[in-house]
Amino acid sequence: MTTLRDRAAIIGIGQTAFSKQSGITEHRAACEAIRAAIDDAGLAPKDIDGFVRYDIESNTELALIYSLGIPHLRFFAGVTSGGGAVCGTLVLAAMAIATGQARNVVCFRARNRGKRSISTPGKFGGGRPWERQPQQVADFYQYHTPFGLITPAQEMALIYHRHMHEYGTTTEHFGQVAVAQRTHAERNPNAVMRQPITLSDHQSSRWIAEPLRMLDCCLETDGACAVVVTSRERARDAQHTPAYILAGAQAEGPIHIQLSDYFTHRNEETGGRSVAKQIYEMAEVSPRDINAAMFYDHFSPAVLTSLEDYGFCKPGESGPFVAAGNIQWPHGRLPVNTHGGSLSEAFIHGFNHILEGVRQIRGTSTCQVENAELVLVTSSNTDPTGAVLLRR
Amino acid sequence: MSQKSETPVPVPNFDNAGFWEGCRNHELRIQRCCACSALRHHPRPLCPACNSSDYDWHKVSGRGTLYTFTIVHGPTLAAFAAHAPYNVAVVQLDEGPYLVTNIVEYNGTPLRIGLPVEVVFNDVDATISLPKFRPVKPMSGSAATLKD
Ligand SMILES: [Zn+2]
């Protein structure tokens with residue numbers, strides 16, 4: 001059977017600086033990150049013939065080809081969702097390349113979410129989308145917002161409180177994720193938050209939505225990230241070590257923005273667990289073969305549920321798994337979010353995790369896992385989701 | 001009251017009007033498939049179990065269990081920030097479906113997952129009432145059974 005296995009590779013990565021206030025628009029940020037990725041790939045804008053973005057991205061491919069001077073696109077698509085879209089962009093790019101619909105595809109995310117960022121008008125044009133909820137709620141948010149359920153932190157708090165109840169997970173386990181990722185960010189000059197934190201700092205940080213504290217929450221960042229994906233054959237001539245997409249998959253699952261029907265349908269066949277099964281079968285690997293993982297971490301306990309979904313521990317055992325130091329670089333069994341993740345490096349809707357996955361394969365991470373051969377990158381596992389396995 | 005006017009209100013539509021009409025009449029009515037009797041919430045045009053588009057609005061007991069909750073401190077929408085910290089809950093009805101809601105009238109009762117609750121209605125304006133839940137008062141002489 002023909003699969004996506006090893007059909008495409010990431011040969012270029014690019015980003016803007018990450019900050020709380022970049023002073024530039026999302027459009028300019030996207031252009032800068034994409035141009036940097038094209039340069040890193042050793043290509044020119046004229047070589048790009050495909051684009052994949054998140055469907056909520058404010059930068060359309062049309063706007064981008066005008067700015068970047070790309071003469072002709074043959075493939076363009078948007079992946080449903082926000083944080084659920086991350087790895088799906090690579091899956092679509094690899095499919096387009098494997099079928100000859102495109103040669104060199106850019107995937108990217110640009111996002112101004114700092115409180116004082118320059119925003120483009122419109123629901124997804126920067127700032128906090130939930131602050132612009134209309135007073136008359138006609139869409140499915142009408143089962144959330146009239147009850148004061150407004151923000152992703154509040155939605156996720158409901159999900160993680162249930163995890164605590166079912167498995168004995170504690171807020172200290174959440175804190176151990178936040179502390180581990182901060183120690184990784186301390187070494188990363190790109191990271192917005194680099195000052196050390198302790199578990200006690202975590203436990204004394206203010207409540208946002210119990211059981212989530214401020215230090216459980218991702219940053220609010222201005223910035224953009226992009227990659228260039230090409231075929232396995234063309235990747236051999238790349239100027240940097242290619243990160244081959246060994247496997248990739250997507251899954252629609254229960255979503256945190258429709259919580260009244262979230263708990264009904266979450267089971268072994270949904271979300272991250274479905275993606276895990278697909279990619280391990282495609283790659284013919286198991287969790288023990290994976291050297292590092294970049295898990296989508298809008299909130300620290302998302303790392304816990306991802307460890308379970310992707311089979312690094314049994315359901316309910318992620319808290320003790322983290323408490324035993326397993327996600328800590330350099331000695332942990334599975335260093336996680338070695339760039340600091342969304343909690344400490346930047347929140348670019350998870351796309352910075354793809355760049356860190358590539359750096360691990362290239363051997364250029366500031367928390368480099370020795371002999372990293374196989375790296376897992378995931379999308380948000382409480383949305384439509386996805387994941388890729390990158391190999392050297 | 002300006003506070004009230006800023007609070008988000010649902011706009012019923014063709015597919016969910018029966019749910020909100022029930023609330024307005026202080027009855028919790030959950031969408032039920034006429035072909036296979038499966039209950040579903042949130043409302044939607046087709047039964048996910050059998051795909052029938054034939055449904056009615058089934059009055060349920062209004063009893064349920066606190067399945068999970070959060071205490072919101074903020075940030076949150078301005079209309080709610082004045083009331084923080086406040087709770088948001090997911091209640092599982094005895095009949096199965098879940099609802100996002102708030103727990104009210106629980107003074108002195110610490111919220112905990114598993115708490116038996118019953119529906120009460122909060123009239124927001126002339127057309128909209130929101131289903132909220134309060135702890136079930138243990139009946140004198142009979143043992144209140146906890147589900148967790
Ligand atoms: Zn049915």
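Atom set for the values below is all heavy atoms of this structure, side chains included, hydrogens, waters and symmetry mates excluded.
- The greatest number of non-hydrogen atom pairs below 4.5 Å with chain B, out of A/Trp207, A/Phe140, A/Tyr160, is found for A/Trp207.
- Most heavy-atom pairs under 4.5 Å with chain B: of the set A/Arg162, A/Gln154, A/Met164, this distinction falls to A/Arg162.
- Using a cutoff of 4.0 Å between basic side-chain nitrogens and carboxylate oxygens, B/Asp56 and B/Arg29 are not scored as salt-bridged.
- Taking 4.0 Å as the cut-off between side-chain N and carboxylate O, B/Arg44 and A/Asp261 count as a salt-bridged pair.
- The CZ atom of A/Arg273 sits 11.5 Å away from atom OG1 of A/Thr385, with the distance rounded to the nearest 0.5 Å.
- Contact check on B/Asp94 versus B/Arg63 returns no salt bridge, with no Lys/Arg side-chain nitrogen under 4.0 Å from an Asp/Glu carboxylate oxygen.
- Ranked by heavy-atom pairs under 4.5 Å with chain B, the first of A/Pro211, A/Ala138, A/Ala153, A/Gly148 is A/Gly148.
- Counting heavy-atom pairs under 4.5 Å between each of A/Leu149, A/Ile208, A/Thr151 and chain B puts A/Ile208 at the top.
- A salt bridge is defined here as a Lys NZ or Arg NE, NH1 or NH2 lying under 4.0 Å from an Asp or Glu carboxylate O, and A/Glu26 with A/Arg113 meets this definition.
- Of all the listed residues (B/Tyr86, B/Phe69, B/Phe19), the one sharing the greatest number of non-hydrogen pairs under 4.5 Å with chain A is B/Phe69.
- Counting heavy-atom pairs closer than 4.5 Å to chain A, the top-ranked of the candidates B/Leu99, B/Leu130, B/Val91, B/Asn13 is B/Leu130.
- Using a 4.5 Å cut-off between heavy atoms, B/Pro75 touches chain A through backbone and side chain atoms alike.
- A/Tyr54 has its ring centre less than 6.0 Å from the ring centre of A/His349.
- Both the backbone and the side chain of B/Pro43 come within contact range of chain A, with heavy atoms under 4.5 Å apart.
- Interface remark: A/Glu155 contributes no atoms to any contact with chain B (heavy atom separation under 4.5 Å).
- Heavy atoms of B/Ala89 lying under 4.5 Å from chain A belong exclusively to its backbone.
- Between the CG atom of A/Leu212 and the CD1 atom of B/Ile71 there is a distance of 12.5 Å, given to the nearest 0.5 Å.
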